Amino acid sequence: LRLLLKKGIITQEEYDQALRETGQVAEAPPSRVEATTLAQAESGAPTKAIPTAKDADGNNTVDFGKGIKFGYDRGLYTQFKDKFRLKIRLRVQARFTDSQFNSAYNTPGDAKNYPTVSSSGVISATKHAEGLAFFGVHRTRLVFEGFAFSPDINYFVQFRNDTADSTTQLGGARSTTQLYDSYLTFKQISWANLRVGQYRTHFGRQEFFSSALLQFVDRGFVAEAFVPNVIDRRDQGVTIFSDQEKYPVNYAFGVFNGVGINLNKLGLSTPGNANELMYVGRMTADILGKPGYPEGDLADSQTPQLAVGASYGYNGGLQTNTTGAGSNNQVSTAIASLGNGRLLNQGVVDIGTGGLDFILKYRGFSLQAEGFVRNVDTHDHSKRIGNATGYYVQGGYFVLPGKLEVVGRWSAMDPDTRAAQDLMTSGLGGLNWYFNGHEHKVQFDYGVLTTQLSAADAGGAISLIENRFRLQYTIVF
């Protein structure tokens with residue numbers, strides 16, 4: 001009877017009636033997955049599960065029974081009841097860059113903000129004698145995420161293998177895959193989530209969320225320069241924070257090593273800074289709605305969405321020397337790559353960084369801005385460097401809702417308030433086409449970046465000028 005039912009010779013009603021007449025208990029009819037698997041086995045073909053239409057969660061899922069599921073939900077995942085879940089995601093961002101430089105970029109070049117630091121710690125000017133045009137796989141990311149033992153114990157592990165294709169960060173491709181994120185988040189208490197490991201610190205707006213969610217090809221240089229450790233937006237430590245999806249006002253407070261990724265102060269410390277750590281705090285308030293962190297109003301919000309935030313970070317005892325006791329080439333080159341070259345060779349320093357930010361979204365329009373101040377105290381009082389200040393303002397509008405967006409951004413930074421004629425500025429405009437939100441898009445931007453160097457910096461007041469065109473394709477799955 002089951003064979004006749006599977007072959008469609010009899011109906012389900014006829015099958016049930018025949019069983020009742022013979023006194024047998026009616027069995028559940030074979031599922032689509034079971035029937036297909038059996039047919040494949042009978043034909044000698046490899047068995048392969050066929051996804052069901054959609055489960056209750058709204059995701060394309062194969063339910064194997066006994067709590068075991070496999071499917072696609074913004075990444076391939078497998079799950080066993082409410083005990084374990086593993087999702088695998090991949091991101092690729094391929095980029096083309098074309099930059100033209102004025103003659104000052106060759107002589108004298110930039111030895112102050114984005115200098116080149118050799119493996120032996122020697123600082124030299126970054127120079128461009130001619131224009132550049134090149135392709136690069138700017139970002140490749142492989143993510144493993146999910147939960148273990150309970151949905152309230154989340155894990156996130158991310159590896160990267162990127163091409164260093166910024167015109168201010170010379171050095172070519174990273175030759176090996178690198179651990180980028182590795183952390184656990186305990187979410188049992190919504191107002192006191194706990195995160196431990198290596199991850200982005202809760203500081204600022206643009207530096208806190210994924211680079212896949214940007215309106216521009218990349219983050220602005222100001223936001224990058226003002227990360228609290230002056231090295232990287234990521235660090236190793238622990239953070240307690242509230243669930244921003246549940247509350248309109250949220251907080252975060254974390255303690256970190258203060259030397260960036262895959263590194264701690266063992267071997268870097270000198271007697272004056274062996275026990276010092278970095279502290280980072282952030283407060284946010286959703287004034288209207290919940291605009292979140294992703295840039296642009298992809299949702300075409302029909303009511304205004306407004307949020308504000310404030311951040312502060314203190315990184316004590318950072319060794320900035322490029323050579324000698326406590327120095328580290330990874331730290332030195334990272335400082336230079338973010339436009340903080342003026343901090344190099346200042347000895348051990350204490351750095352305090354504050355920031356304010358806001359974001360507004362409404363009917364396809366978006367506007368956000370951040371402002372920063374950094375104070376630097378040198379342990380060696382014979383060395384002095386001024387504060388740094390910076391800000392950016394950026395906005396966008398969807399000409400075609402959810403598809404075509406026009407964007408613009410202005411950024412400015414004073415890297416040393418004690419010095420004159422050292423302002424850095426950037427003006428960018430661009431277009432974005434979204435195939436499927438931020439996870440599948442093409443972005444173009446064009447900008448003019450200007451770096452002023454004073455007579456004390458370059459033997460005469462000059463301006464370094466770069467005209468830069470970038471085209472980037474992003475896919476995340």
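Positions are given from 1, in the same order as the sequence printed here. Here the structure is a predicted model, which is why all the values come from computation and not from measurement.
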Quick one: are R282 and V280 in side-chain contact, heavy atoms under 4.5 Å?
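Contact flag for R282/V280 side chains = no.
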Would you indicate whether the side-chain heavy atoms of Y293 and F208 approach each other to under 4.5 Å?
yes
Would you kindly check if the NZ (Lys) or CZ (Arg) of [X] is within the cone defined by 45 degrees around the ring axis of [Y] and under 6.0 Å from the six-membered ring centre?
{"X": "R468", "Y": "Y446", "answer": "no"}
{"X": "R374", "Y": "F226", "answer": "yes"}
{"X": "R85", "Y": "Y77", "answer": "yes"}

Is it the case that the ring center of Y473 lies less than 6.0 angstrom away from the ring center of H440?
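Yes: the rings meet the under 6.0 Å criterion.
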When D162 is tested against each of R95, R141, R139 for salt bridge (Lys or Arg N to Asp or Glu O under 4.0 Å), which residue passes?
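The single option meeting the salt bridge (Lys or Arg N to Asp or Glu O under 4.0 Å) with D162 is R141.
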Angle class for the [X]/[Y] ring planes (parallel below 30°, perpendicular above 60°, tilted otherwise)?
{"X": "F372", "Y": "F203", "result": "parallel"}
{"X": "F96", "Y": "F469", "result": "perpendicular"}
{"X": "Y279", "Y": "F253", "result": "parallel"}
{"X": "F101", "Y": "H128", "result": "parallel"}

With a 3.5 Å cut-off and no angle check, do the side chains of [X] and [Y] form a donor-acceptor pair?
{"X": "E295", "Y": "Q368", "value": "yes"}
{"X": "T116", "Y": "S124", "value": "no"}
{"X": "Q93", "Y": "R91", "value": "yes"}
{"X": "Q443", "Y": "Q215", "value": "no"}
{"X": "D98", "Y": "Q100", "value": "yes"}

Tell me, yes or no, whether the heavy-atom count around K83 atom NZ, taken from other residues, nucleotides or ligands under 6.0 Å, exceeds 12.
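Open.
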Could you tell me whether R470 and D445 make a salt bridge, using a distance below 4.0 angstrom between a side-chain N and a carboxylate O?
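Judged by the 4.0 Å cut-off on N to carboxylate O distance, R470 and D445 do form a salt bridge.
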